[in-house]
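Working notes, structure below.
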Amino acid sequence: MRPIPVIAAVLVIAGIAAGAAFSVNAVDPVVAKRQDSMKAMADAAKTISGIFDGKLAYDAAVFKAAAETIRRRSGIAMVDEFPEGSFGAPSAAKAEIELSREEFAALAGHLETLAAALSSAADDAPDGITESMRMAPGMAMGSSLLGKRAGGAVAGDDPSKMPAEHLFHLMLQDCTNCHAKFREKRQ
Ligand code: HEC
């Protein structure tokens, strides 16, 4: 039994539902495109979460494709999707992004680094989730749920040496941290 993964996944998936409701108006193509990117990442995160929870059968190709979806859409690609002047309603992106470019880019870059490591983990596990991909008990409590560290702040931890499940938790934390600061909460 590992209750922690479910909690983290639910946090992100709840955010997805809230975000998805706002794309009904005709929006600027830049905004529409990045919202689609975000949704694609959310779908990928759901897939990965389902695989870790055993709700989806493990398939290395599917697992890797999901990690790659997130990797490709994070980092610079993500930053580029938020050009100057593209903030405010009907977008949920806060104008604060413009004032905190470095922090925004750090979060996007951190997500990319983690997603790349997760993608590599799939190469080492062609047949199923290995024990070494699993998070050790207490790991999530120590650094995933309680330690609210911003992007880049895991300096010293080498992503390539972290269990895949832990990487995934840190990724969800990047999503949550960025949304908390840079995404408008709408009722
Ligand atoms: C560096 C900041 C940042 C990171 C990292 C980030 N997001 Fe977002 N996300 C945003 C912003 C800003 C918006 C609002 C975009 C808009 O409405 O223009 C958003 C919107 C969304 C939406 C709503 C899209 C819609 O249809 O309106 C979803 C879903 C989402 N993000 C999922 C994720 C997931 C899953 C991750 C992690 C794998 C993630 N995000 C990582 C900043 C980020």
I need the [X] [atom1] to [Y] [atom2] distance, nearest 0.5 Å.
X	Y	atom1	atom2	answer
Ile97	Arg183	CD1	CZ	11.0 Å
His110	Gln173	NE2	CD	8.5 Å
Leu114	Ser74	CG	OG	9.0 Å
Glu84	Glu98	CD	CD	4.5 Å
Phe168	Ile51	CZ	CD1	9.5 Å
Cys175	Ile70	SG	CD1	6.5 Å

Do any pairs count as a ring-ring contact (aromatic ring centres under 6.0 Å, His included) and have a residue in residues 56-81, sequence neighbours left out, and if so which ones?
->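 For residues 56-81, and leaving out neighbouring residues, the ring-ring contact (aromatic ring centres under 6.0 Å, His included) pairs sorted by first residue read Phe52-Phe63, Tyr58-Phe63.
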What is the minimum heavy-atom distance between Asp174 and Leu111, and which atoms define it?
->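 What the structure gives for the nearest pair is OD2-N, 3.3 Å.
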For Ser86 and Val31, the nearest pair of non-hydrogen atoms, with its separation, is O-CG2, 4.0 Å
Side chain to side chain contact (heavy atoms under 4.5 Å, CB included) partners for [X], two or more places apart:
X	result
Ala116	Arg71
Lys64	Glu68, Ser119, Ala122, Asp123
Asp80	Ile76
Ala105	Val79

Do the side chains of [Y] and [X] get nearer than 4.5 Å, heavy atoms only?
X	Y	result
Pro159	Leu167	yes
Ile48	Leu118	yes
His169	Met135	yes
Ser91	Arg34	yes

Using the side-chain contact (heavy atoms from CB on, under 4.5 Å) rule, take Asp124 and Met133 through it: C-alpha gap first, then chi angles, then the decisive distance, then the call.
-> CA-CA 10 Å; Asp124 302 332; Met133 290 168 82; over 6 Å; no
For Ser37, what residues pass the side-chain hydrogen bond (donor to acceptor under 3.5 Å, both in side chains) criterion, not counting sequence neighbours?
-> Arg73, Glu81
Just do the side-chain contact (heavy atoms from CB on, under 4.5 Å) check on Phe82 and Phe182 with the steps written out, would you?
-> CA-CA 11 Å; Phe82 290 87; Phe182 295 115; over 6 Å; no
Pairing of Lys181 and Glu103 as salt bridge, 4.0 angstrom limit | yes
Should Arg72 and Glu112 be marked as a side-chain contact (heavy atoms from CB on, under 4.5 Å) after you check the CA-CA gap, both sets of side-chain angles, and the distance that decides it?
-> CA-CA 7 Å; Arg72 278 198 312 270; Glu112 180 184 28; over 6 Å; no
